[in-house]
Amino acid sequence: MQKEEVFKLPLGHSDFARLREENCIYADKTEAIHRLSSEGGRIFVARPRRFGKSLLTSTFDSLFRYELRDFQGLAVEKLWKEKTHAVVHLDFSEVCEFADAEDFRSQFESLLISSFAAAGLPWEEKIDGALAQIASWLNDMDHPLHRTRSSEWARQ
């Protein structure tokens with residue numbers, strides 16, 4: 001008698017590589033992910049909170065950063081012909097506590113500098129052509145908005 005493979009529910013997981021390592025259930029959307037990445041250009045994904053945006057950006061991150069390392073048995077494994085790319089992930093939840101607009105600007109600039117450095121890229125106000133050759137993810141863009149809406153200085 002063959003033992004059936006047991007898959008875990010991915011409750012609270014938003015890290016694609018971890019989800020795959022821990023043998024969690026994953027609805028294979030990688031064919032669509034390949035189609036989106038092949039078309040190029042900018043993609044804006046607007047979904048309500050808790051609707052998988054972080055998992056989607058993590059999936060793209062893994063694909064661009066590590067190629068097929070985490071995609072064995074998924075549709076994209078047969079489709080992917082790309083190589084790795086530098087990946088810049090901007091997580092706006094890191095810029096959610098600020099006193100005023102100047103503090104936000106300062107924190108946002110620090111986020112840009114550290115995110116580009118983590119990808120091995122120097123941050124300059126103008127990067128000649130380099131932005132076209134990197135994959136960048138913006139995540140939790142609503143955090144500063146929630147903070148601003150509820151802050152004392154925004155009501156003044």
Side-chain angles (χ1 to χ4, degrees), residues 4-98 104-148:
E4 287 188 37
E5 193 169 4
V6 178
F7 293 95
K8 300 175 190 175
L9 289 174
L11 301 175
H13 287 300
S14 60
D15 182 308
F16 178 76
R18 183 173 162 213
L19 183 142
R20 296 289 288 165
E21 285 171 11
E22 294 182 7
N23 207 29
C24 292
I25 293 172
Y26 177 73
D28 186 1
K29 299 173 241 112
T30 59
E31 185 175 348
I33 288 170
H34 176 263
R35 198 169 43 249
L36 285 171
S37 66
S38 298
E39 291 173 5
R42 292 172 180 85
I43 301 167
F44 178 74
V45 179
R47 297 166 96 179
R49 291 180 61 82
R50 314 306 307 162
F51 260 74
K53 293 182 299 293
S54 294
L55 178 58
L56 179 63
T57 58
S58 176
T59 305
F60 274 113
D61 182 277
S62 181
L63 188 58
F64 281 102
R65 190 183 307 254
Y66 305 114
E67 295 181 66
L68 297 173
R69 181 193 77 180
D70 302 316
F71 294 87
Q72 291 75 36
L74 299 177
V76 76
E77 186 177 29
K78 295 176 183 155
L79 302 169
W80 192 251
K81 305 289 186 244
E82 297 289 323
K83 297 293 181 200
T84 60
H85 298 276
V87 175
V88 176
H89 185 139
L90 299 176
D91 187 344
F92 281 79
S93 68
E94 297 176 27
V95 187
C96 64
E97 295 294 327
F98 48 89
F104 173 78
R105 189 202 63 73
S106 175
Q107 287 187 42
F108 180 65
E109 186 176 296
S110 292
L111 175 65
L112 287 173
I113 291 167
S114 64
S115 297
F116 273 71
L121 301 167
W123 170 257
E124 298 169 4
E125 287 194 27
K126 294 182 180 179
I127 302 176
D128 298 330
L131 291 179
Q133 298 175 25
I134 63 171
S136 57
W137 313 126
L138 303 175
N139 198 16
D140 288 326
M141 292 176 62
D142 59 342
H143 271 72
L145 295 175
H146 291 297
R147 171 73 172 110
T148 302

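Computed from heavy atoms alone, side chains included, the values below leave out hydrogens, waters and symmetry copies.
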TODO: Assert yes or no for the condition that the ring centre distance of F16 to F71 is strictly below 6.0 Å.
DONE: yes
Task: OG-CZ distance between S58 and R18, expressed to the nearest 0.5 angstrom - done: 11.0 Å
TODO: Indicate the atoms forming the closest heavy-atom contact of V76 with L68, along with that distance.
DONE: O-CD2, 4.0 Å
Open item on the list: For a quick test of reading the model, state the closest non-hydrogen atom pair linking V88 to A119 and the distance between them.
Closed with: CG2-CB, 3.9 Å
Open item on the list: If we ignore hydrogens and angles and just use 3.5 Å, is the side chain of S115 paired with the main-chain N or O of L111 as donor and acceptor?
Closed with: yes
Open item on the list: Donor-acceptor check, side chain of R20 to backbone of R69, threshold 3.5 angstrom: yes or no?
Closed with: no
TODO: Identify the heavy atoms of Q107 and E97 that sit nearest to each other, and give their distance.
DONE: NE2-O, 2.7 Å
- [ ] Step by step, work out the side chain to side chain contact (heavy atoms under 4.5 Å, CB included) result for Y66 and T84.
- [x] CA-CA 6 Å; Y66 305 114; T84 60; 5.8 Å; no
Open item on the list: Restricting to non-hydrogen atoms, name the atom on A17 and the atom on D15 that form the minimum distance, rounded to 0.1 Å.
Closed with: N-OD1, 3.0 Å
- [ ] Say whether, by atom type as modelled, one donor and one acceptor occur between the side chain of D28 and the main chain of A75 under 3.5 angstrom.
- [x] yes
- [ ] Supply the atom-to-atom distance D91 CG to S54 OG, rounded to the nearest 0.5 angstrom.
- [x] 7.0 Å
Task: From CA spacing to verdict: side chain to side chain contact (heavy atoms under 4.5 Å, CB included), L79, T30 - done: CA-CA 9 Å; L79 302 169; T30 59; over 6 Å; no
TODO: Without swapping roles, check the side chain of E109 against the backbone of R105 for a donor-acceptor pair under 3.5 Å.
DONE: no
Task: Short side-chain to backbone donor-acceptor contact, E67 and F64, under 3.5 Å - done: no
Open item on the list: Please check: side-chain N/O of S38 versus main-chain N/O of H34, any donor-acceptor pairing under 3.5 Å?
Closed with: yes
Open item on the list: Please report the interatomic distance CG(D70) to OH(Y26), rounded to the nearest 0.5 Å.
Closed with: 10.5 Å
Task: Side chains of S37 and F60 in contact at under 4.5 Å (non-hydrogen atoms) - done: yes
- [ ] Decide if atom CD of E31 counts as having more than 12 heavy atoms of other residues, nucleotides or ligands within a radius under 6.0 Å.
- [x] no
TODO: Check P10 against I25 and note the closest heavy-atom contact, atom names and distance.
DONE: CG-O, 3.5 Å
Open item on the list: I'd like to check E77 versus Q72 (side-chain heavy atoms, cut-off strictly below 4.5 Å). Are they in contact?
Closed with: yes
TODO: Keeping the roles fixed (side chain from S62, backbone from T59), state whether a donor-acceptor pair exists under 3.5 Å.
DONE: no
Task: Interatomic distance, H89 atom NE2 to D61 atom CG [nearest 0.5 angstrom] - done: 7.0 Å
